[in-house]
Q: 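This is the structure, below, for whatever I ask next.
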There are 2 protein chains.
Amino acid sequence: MSDAAEVLISHCRQAGQRITAPRRIIADVVAKADDHPDVPEIYRRVAAIDPSISLSTVYRTVKVFAATGLVERHSFAGGRVQIEPTSQAHHDHLIDIESGAVVEFRSDEIERLQALVARELGFELTAHRLVLYGRPLARKARRARKP
Amino acid sequence: MSDAAEVLISHCRQAGQRITAPRRIIADVVAKADDHPDVPEIYRRVAAIDPSISLSTVYRTVKVFAATGLVERHSFAGGRVQIEPTSQAHHDHLIDIESGAVVEFRSDEIERLQALVARELGFELTAHRLVLYGRPLARKARRARKP
DNA sequence: ATGCATTTGCGAACCATTCTCATTAATAAG
DNA sequence: CTTATTAATGAGAATGGTTCGCAAATGCAT
């Protein structure tokens, strides 16, 4: 069992939740996901380990994990709920519209402004989703790498 | 028929689409929507005008409108597709995670930084999508109105 | 007006998600 | 360790948004 998974289950225990075999397995799968799987996808991975675990249980367990604050449930594309361990460092994405490549980035400045804007609108910012779409600049115009 | 609705149907015609009675009505409903209705909601409004129009047709027509670029299909809350006429000036969205309400905002500062970040990554920014998720602040904590 | 491809309406199908409920199992107490 | 209590599970049905398939209706060019 991974380190992150142990954190998940120990927090669940602290929250008064019972630690069951399905929950251990689901914690493990969620903790080691570096993508943003939706629940059916998590279920597939879980079922590969223990096929007796039901889809309902995955839904319920993910909800429990989210309640502890250690997992985030986003509703990004096409209506699915996508899961992400809260532990990893936040980042946004830039999509190369020519190749479809995904570039990860982080801008503290933008993050700060987002919180500011939210507060001005009367909200506490809890999450955000920022995707930039761009066309690669001609090589000469790009910032040069270190020589 | 509203002005904006006429723009919608004329663009459809230009795109080689046939102009039908259902499409006129749906265009009218979509054009005058100042909120961000999902398709079932649009269907309700359409059915109030002509109950013989089917839900399928609303889904299909909204898709056609989106293809012409005159309507945007967002996927904000819980998997629903929400609709908005493209005509209005650019803005981003903040979702009230408690009520699902959509608040529109615009931050030139954030826009500027996005372009900057993209350029630093070697891209020319062509589009972006920013959605903030927030919880309403308690009234006392909110920025006070002018006295 | 006529022919034909596009649209429509209807219901079935799909997919993610939630719910119900009888059964199983984790935890606390003895 | 055993038992009682009560939460968690599995299976499948229910729900709600969205899409599909097909026969019938309709827009549009001629």
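Chain letters run A, B, ... following the sequence lines, proteins first and then strands; every chain starts at 1.
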Q: Roughly how bent is the helix from dA1(C)-dT30(D) to dG30(C)-dC1(D) end to end, in steps of 10 degrees, with each end axis from five pairs?
A: 30°

Q: Provide, to the nearest angstrom, the distance between the CZ atom belonging to R23(A) and the C1' atom belonging to dG10(D).
A: 14 Å

Q: Should D34(B) and K32(B) count as an ion pair when the cut-off is N to O under 4.0 Å?
A: no

Q: Can you check whether K63(A) has a side-chain N or O nearer than 4.0 Å to OP1 or OP2 of dT18(C)?
A: yes

Q: Could you walk me through whether L132(B) and V103(B) pass side chain to side chain contact (heavy atoms under 4.5 Å, CB included), step by step?
A: CA-CA 9 Å; L132(B) 305 183; V103(B) 178; over 6 Å; no

Q: Do the side chain of R23(B) and the main chain of R18(B) share a donor and acceptor less than 3.5 angstrom apart?
A: yes

Q: On the side chain of S56(A), is there an atom forming a donor-acceptor pair with the base of dG12(D) - under 3.5 Å, no angle test?
A: yes

Q: Whole angstroms only, please: what is the CD1-P distance between I53(B) and dC10(C)?
A: 11 Å

Q: Taking OH from Y43(B) and C1' from dG9(C), how many angstroms apart are they, rounded to a whole number?
A: 10 Å

Q: In whole angstrom, give the distance that lies between atom CD1 of I9(A) and atom C1' of dA8(D).
A: 16 Å

Q: Between H93(B) and H128(A), does the ring centre distance come in under 6.0 Å?
A: no

Q: Backbone N or O of V58(B) within a donor-acceptor pair of the T61(B) side chain at under 3.5 Å?
A: no

Q: Separation of E41(B) atom CD from dG16(D) atom P, in whole Å?
A: 15 Å

Q: Would D35(B) and R45(B) pass as an ion pair if we require N to O under 4.0 Å?
A: yes

Q: On DNA chain D, nearest-nucleotide positions of T57(A) versus L55(B): which is more 5'?
A: T57(A)

Q: Please lay out, stage by stage, how L8(A) and F65(A) fare under the test side chain to side chain contact (heavy atoms under 4.5 Å, CB included).
A: CA-CA 7 Å; L8(A) 266 179; F65(A) 288 170; 4.0 Å; yes

Q: Check this one for me: any side-chain N or O of Y59(B) less than 4.0 Å away from OP1 or OP2 of dT18(D)?
A: yes

Q: I'd like a list of close polar pairs between nucleotides 26-30 of chain D and the protein, N/O only, cut-off under 3.5 Å.
A:
residue : atom : partner : partner atom : Å
dG27(D) : N2   : R18(B)  : NH1          : 3.3
dG27(D) : N2   : R18(B)  : NH2          : 3.0
dG27(D) : N3   : R18(B)  : NH1          : 3.2
dC28(D) : OP1  : I19(B)  : N            : 3.1

Q: Using side-chain heavy atoms (C-beta onward) and a distance below 4.5 Å, is D96(B) in contact with P136(B)?
A: yes

Q: Is there a donor-acceptor contact under 3.5 Å linking the side chains of Q17(B) and H11(B)?
A: no

Q: Checking all strands, does R60(B) fall into the base, sugar-phosphate, or nothing category for heavy-atom contacts under 4.0 angstrom?
A: base

